[in-house]
Structure formats: structure tokens, C-alpha cells
Amino acid sequence: MISKEQFNHEIELIIANAIREDVGDGDHSSLACIPKDTQGKAKLLVKDEGILAGVAFAKQVCAYVDPNLEIEVLIPDGSAVKYGDIAFYISGSSLAILKAERLVLNAMQRMSAIATKTKFFVDLLAGTGTKILDTRKTTPGIRALEKWAVTIGGGENHRFALYDMIMLKDNHIDFAGGITQAINQTKSYLKETGRDLKIIVEARDLNEIKEILKSDGVYRILIDNFNYEDTREAVRLIGDTCLTESSGGIDEHTIRKYAECGVNYISSGALTHSVYNLDLSLKAV
């Protein structure tokens, strides 16, 4: 993953762009009927069950919109919530609260959904030693939020983007002329460019596992679309040479069985691309 500084910068960009997109030259609905010096208070109301995520992000949004807005947090990120819970109160300029409202809700509803699904998968893996990873199958423009939500739910982040890790998948291997060629060319590229990036290589069958193991310097092998028996054999062949990751159509019905094959990680695009927003609302009090 990228550095904390880079990640924070991504969050800042998301906030600035979202406010630009939503507010434009002014929230005219609010400006038209609410005096600019009006003070108010609102509560973040939970109308669903799941894992709450995005509270810290909401605080950043409010600070961006109006540094004088005050947030009283009652339920922190990562907590289990139920219908009727109040996550926090926002106090300050009524115009500022309304300006921040939609971004706060949109982000928190999606982040909470992702955290909820991630926690569900984490619980399914309990006791196996296998960790759940996200992927790059995220919503364009808000990847940082979605990956943040995965960590709140107890999962781990895969690479953030194309630039912070090398991942040689089937197309890379085929275009490069084979696994060994792809790995050797990658090592040369990293040396020539002075980059220190971890290398993950995807394997489509056991023969490709054996070929990958002939090269050193591989951080993790992606065991892609294997059945249980072949996954266990792949883990045996790899041993302690490098880390292992299973992927490819793994769902809540199969994830535990793949974990029991001994892999270190299981990656799932479903954590971010197949969720239903948690129902939250912001109400004046």
C-alpha cells in the first residue's frame, strides 16, 4: 500500500472534488431560506444494522467545509450498530452542516456497507490464519475511501494502484512471452529504474507454480481459480518460499474451504464491488 502521507492526500482530493461537484457556486436551496448566521445541530441516525465506517472521514469533511463545526462522536468507526443508534452530533453553522450533509452520508453509507461485508468475511476466516484482501475493483475516484472501509472492517489492503506493487497477471505473462521472461524483465526494469516494488505473480495451474518457483525475488504467488485439491498442492509446493494468495470467484460459501488449504491470503473484489449501502440519515435536532 501507499504511504500514510499519500493516502491522506488521496482523501483530501476526494473531499475537495466531491464538494466542488456537489456545491458548485453555492447551495442555493439553503442560501435562499436560511439566514447565514443561523446555528444548528444535527444527528447521524443509523437506520440499519452493520459495521459503522466513515466517522473519521465525516470529521475531515466538516473541517474542510467549516473548521468551526463541532462533532460529538458517540459511536466510533468499526463498531457494530443497529437501527436507532446515533453515531454523532454535528453543531455549528446550519449552512455548513447542510453543505457537508450529502458527502458525509454518501461516503458513510458506502464505507459502512464495505466494512460490514469485510467483517462478515473476516468472521468466516476466524481461526484459519488466512487474511482477507481487497482488490482494485473499486469505484473510480473514491478508492481510498473504499480501501479505508476494508481496514475498518478488519480486512487488509492489497496494492493501492498500478504504481505501488508489481503484479504479473495472465496477460502480462502472455504478452511478455512466458512466466520466466516476465519475471526476469521485471527485475531488470526495477533495477534500471531504481524502484523497490514487491512482485506478485499469478499462476493458472500447478505447472506455472513450479515455473514461478524457479525464479527468486517473488513476494507472493497468486493461486488463481484453482480447485481445493490443487490449491493444497500449490501451498505444499510453495512452502516457505513466498506468501500465497487465492483468488477467483471465491464467495461466502467457499472462502473457509480455501483458507483451510493453507493460503496466507484470499482476495475478493466483492468486498468493494458488490455491496448494498447501509441506511443512514442526517436529521436536524
Using the test side-chain hydrogen bond (donor to acceptor under 3.5 Å, both in side chains), find all partners of Arg236 that sit at least two apart in sequence or belong to another chain.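 Result, side-chain hydrogen bond (donor to acceptor under 3.5 Å, both in side chains) vs Arg236: Glu233.
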
Residues in side-chain hydrogen bond (donor to acceptor under 3.5 Å, both in side chains) with Ser30, at least two apart?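 Result, side-chain hydrogen bond (donor to acceptor under 3.5 Å, both in side chains) vs Ser30: Asp27.
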
Charged N to carboxylate O under 4.0 angstrom, [X] versus [Y]?
{"X": "Arg204", "Y": "Asp174", "answer": "yes"}
{"X": "Asp22", "Y": "Arg102", "answer": "no"}
{"X": "Asp25", "Y": "Arg20", "answer": "no"}
{"X": "Arg143", "Y": "Glu10", "answer": "no"}
{"X": "Lys82", "Y": "Glu49", "answer": "no"}

Lys169 atom NZ: more than 12 heavy-atom contacts under 6.0 Å: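 Yes - once you tally the heavy atoms of other residues, nucleotides and ligands closer than 6.0 Å, there are more than 12.
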
Please check this pair: side chain of [X] against backbone of [Y], looking for a donor-acceptor N/O pair closer than 3.5 Å.
{"X": "Thr244", "Y": "Asn264", "result": "yes"}
{"X": "Lys117", "Y": "Ser112", "result": "no"}
{"X": "Lys191", "Y": "Thr186", "result": "no"}
{"X": "Gln181", "Y": "Gly177", "result": "yes"}
{"X": "Ser93", "Y": "Ala96", "result": "yes"}
{"X": "Tyr258", "Y": "Phe226", "result": "yes"}
{"X": "Thr118", "Y": "Ile114", "result": "yes"}

Centre of Phe88's six-membered ring, under 6.0 Å away, within 45 degrees of the axis: is that where NZ or CZ of Lys43 sits?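 Ring-cation test returns no.
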
